Amino acid sequence: MKIAFFDTKSYWKDSFGPMAEKYGYEITFFNERLTPATAHLAAGHDATCSFVNDEVPAEVIRELKDLGIKVLLLRCAGFDSVDLAVAKECGLPVLRVPAYSPQSVAEQGAALLMAINRKCHLSYQRTTKFNFDIAGLTGIALYGKTAGIIGTGKIGQCMIDILKGFGMNIIAYDAFPNPNLGLEYVSLDELYARSDVISIHCPLMPATRHMVDKDAFAKMKDGVIFINVARGGLVDSEALADAVESGKVRGVGMDVCEVEHEYFFEDRSNLEKHDPTLARLLANENILISGHQAFLTEEALEQMAKVTLDNAKAFLAGEELVNEVK
Ligand code: NAD
């Protein structure tokens, strides 16, 4: 199998390169993201391998089909980058990595929560300049506070385990509550009204785009801390910036952003003009943004490579495609 690998970075080459050799697959590593402008690079390959910020809309899928691509491999869990209806129409299976290390992703959520709450980023800025003044760095104790978890799937459950460790009370909302988890499920409105910390862990789909909007922020408790390590599009960024600037929201930790496509995974410090929404978010010291790195642990990278290549193997062997996105 010849795989056209898009949006390559050193950490991808390190994890996929040696493993692909063992499977006997040939990978061409392209630095470019997969977009309508770069889809032609996939000519001569059997599969594409894309990540979260590659763009696989209808026109790309049709072009890939014409180029002889037989399967679309996603080395991630989220599948919002792909037009699934058109992939189905073209007969191209979309295979993903549903779970590589949900603990790693939740741990990044917890890291952002702790950092924004205890203002570690501001402390670091001071101490590296020999400034050990701690005025203005007051946080809240998480012990005994209430955490509202939206989406109680694999990552949401890991986040719950971590937050229970801090002694937090957990309430949850899920479109499909899981009765086996012994959780207190509440309505979204109740979750907003009762939570001191809100962490969102559901997929981005047309139905969930901007589910956290101006109205949602208005329903939240004053001084809430909001964490998003799922997908940027779940949240209306301008409404989020308004809520932080007004003091309604105490702090935000986010690993994802709805305007991340042109920025994340790249050094964009030299751009003369920046996206105004991203610039607004970054300018606020109560918003801490990491660059979609929740997946970036040694364990997760190895698992992503293994499951992606196993998916390719199952496709070649005509076996059941257990990780197909339907
Ligand atoms: P999962 O499928 O195990 O869980 C998702 C949960 O969301 C499910 O319980 C589902 O019922 C629930 N859900 C679906 N629609 C909902 C809605 N409208 N409202 C509330 N809940 C809803 O997925 P997961 O492995 O826990 O991953 C969650 C998301 O995290 C993924 O979709 C992905 O976008 C994101 N993610 C981000 C990173 C990162 O590096 N930042 C890494 C992996 C995954």
Side-chain angles (χ1 to χ4, degrees), residues 7 9 11-12 15 50-54 74-82 84 94 96-113 148-163 170-183 185-192 195 198-213 216 226-235 252-258 260-261 263-265 288-301 303-304 307-308 322-326:
D7 206 3
K9 297 284 178 286
Y11 42 87
W12 291 123
S15 56
S50 58
F51 196 50
V52 294
N53 285 336
D54 290 298
L74 305 181
R75 55 184 188 276
C76 54
F79 45 84
D80 46 283
S81 59
V82 184
L84 294 175
V94 179
R96 67 172 181 143
V97 185
Y100 36 86
S101 173
Q103 296 82 2
S104 296
V105 181
E107 285 167 15
Q108 178 73 8
L112 288 169
L113 168 60
I149 306 298
I150 304 175
T152 56
K154 292 175 286 296
I155 297 169
Q157 287 172 45
C158 293
M159 189 67 170
I160 288 170
D161 287 344
I162 294 171
L163 299 182
I170 308 294
I171 57 175
Y173 169 79
D174 195 298
F176 307 93
N178 181 345
N180 302 321
L181 298 178
L183 289 170
Y185 281 103
V186 297
S187 69
L188 208 41
D189 280 0
E190 186 175 344
L191 182 142
Y192 289 149
S195 302
I198 295 175
S199 192
I200 188 161
H201 301 281
C202 58
L204 176 62
M205 305 175 289
T208 57
R209 182 169 292 280
H210 282 194
M211 68 182 279
V212 183
D213 57 9
F226 183 79
I227 304 297
N228 182 7
V229 293
R231 281 291 179 272
L234 295 166
V235 182
V252 173
M254 48 200 275
D255 188 50
V256 287
C257 181
E258 63 176 333
E260 72 181 58
H261 284 70
Y263 280 87
F264 281 21
F265 311 131
L288 181 54
I289 301 183
S290 56
H292 209 136
Q293 65 175 71
F295 72 93
L296 197 61
T297 64
E298 292 173 6
E299 293 77 4
L301 286 169
Q303 197 59 15
M304 288 158 122
V307 176
T308 302
V322 289
N323 292 327
E324 182 172 11
V325 187
K326 304 258 185 180

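Count residues from 1 along the sequence. Note that the structure is a prediction, hence the values are computed from the model and not measured. One-based numbering, in listed order, for ligands and for the atoms of each.
Atom 37 (C) of ligand 1 has its closest protein heavy atom at Val229 O, 3.1 Å. In terms of protein heavy-atom proximity, atom 39 (C) of ligand 1 is closest to His292 NE2, 3.5 Å. For atom 10 (C) of ligand 1, the nearest non-hydrogen atom of the protein is Asp174 OD1, 3.5 Å. What sits closest to atom 31 (C) of ligand 1 on the protein, heavy atoms only, is Pro203 CA, 4.5 Å. Of the protein's non-hydrogen atoms, the one nearest atom 36 (N) of ligand 1 is Arg231 NH1, 3.8 Å. Counting protein heavy atoms only, atom 28 (C) of ligand 1 is closest to His201 O, 3.4 Å. For atom 42 (C) of ligand 1, the closest heavy atom belonging to the protein is Tyr100 OH, 2.8 Å. The protein non-hydrogen atom at the shortest distance from atom 4 (O) of ligand 1 is Gly153 CA, 3.2 Å.
At least one N/O-N/O distance between Ile155 and ligand 1 falls below 3.5 Å. Considering backbone and side-chain N/O atoms, Lys154 comes within less than 3.5 Å of an N/O atom of ligand 1.
Judged by distance alone, the side chain of Ser101 and the main-chain N or O of Ser104 form a donor-acceptor pair under 3.5 Å. Judged purely by atom type and a 3.5 angstrom limit, Asp189 has no side-chain atom pairing as donor or acceptor with the backbone of Tyr192. Looking at Thr208, its side chain does come within 3.5 Å of a backbone N or O of Pro203 through a donor-acceptor pair. Within the 3.5 Å criterion, the main-chain N or O of Met205 finds no donor-acceptor partner in the side chain of Asp80. Listed for the Arg96 side chain is no donor-acceptor partner under 3.5 Å among the backbone atoms of Cys76. In this structure, the side chain of Asp7 does not engage the main chain of Phe51 through any donor-acceptor pair within 3.5 Å.
In this structure, Phe295 and Phe265 have perpendicular ring planes: the angle between them is above 60°, well past the 30° mark.
Atoms of ligand 1 lying under 4.0 Å from any heavy atom of Ala294, numbered from 1 in the order shown and given with element: 39 (C), 40 (O), 41 (N). Near Tyr173, meaning under 4.0 Å from any of its heavy atoms, are these atoms of ligand 1: 19 (N), 20 (C). Near Asp255, meaning under 4.0 Å from any of its heavy atoms, are these atoms of ligand 1: 39 (C), 40 (O), 41 (N). Residue Thr152 approaches ligand 1 through these ligand atoms, each under 4.0 Å from one of its heavy atoms: 9 (O). Listed by atom number, the atoms of ligand 1 under 4.0 Å from Val105 heavy atoms are 38 (C), 42 (C), 43 (C). When each atom of ligand 1 is checked for a heavy atom of Phe176 under 4.0 Å away, the hits are 11 (O). Near Thr208, meaning under 4.0 Å from one of its heavy atoms, ligand 1 places the atoms 17 (C), 18 (N). Close approach of ligand 1 to Phe295 is summarised as follows: ligand atoms under 4.0 Å from at least one heavy atom of the residue are 40 (O).
Leu204 does not count as a contact of ligand 1, since none of its heavy atoms falls under 4.0 Å from the ligand. The closest approach between any non-hydrogen atom of Met205 and ligand 1 is below 4.0 Å.
Protein heavy atoms come within 4.0 Å of atom 33 (C) of ligand 1.
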Quiz item: So Thr308 and Tyr100, side chain to side chain contact (heavy atoms under 4.5 Å, CB included) or not? Walk me through it.
Solution: CA-CA 10 Å; Thr308 302; Tyr100 36 86; over 6 Å; no
Quiz item: Asp174 and Thr152: side chain to side chain donor-acceptor pair (under 3.5 Å), yes or no, with the steps?
Solution: CA-CA 6 Å; Asp174 195 298; Thr152 56; 3.2 Å; yes
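The shortest heavy-atom contact between Ile150 and Met211 is CG2-CE, 3.9 Å. Counting all heavy atoms, side chain and backbone alike, Ala230 lies closest to His201 at CB-CA, 4.1 Å.
The 12-atom threshold is exceeded at CD of Glu299, counting heavy atoms of other residues, nucleotides or ligands nearer than 6.0 Å.
Between atom 29 (C) of ligand 1 and the options Cys202, Gly233, Ala175, the minimum heavy-atom separation is to Cys202.
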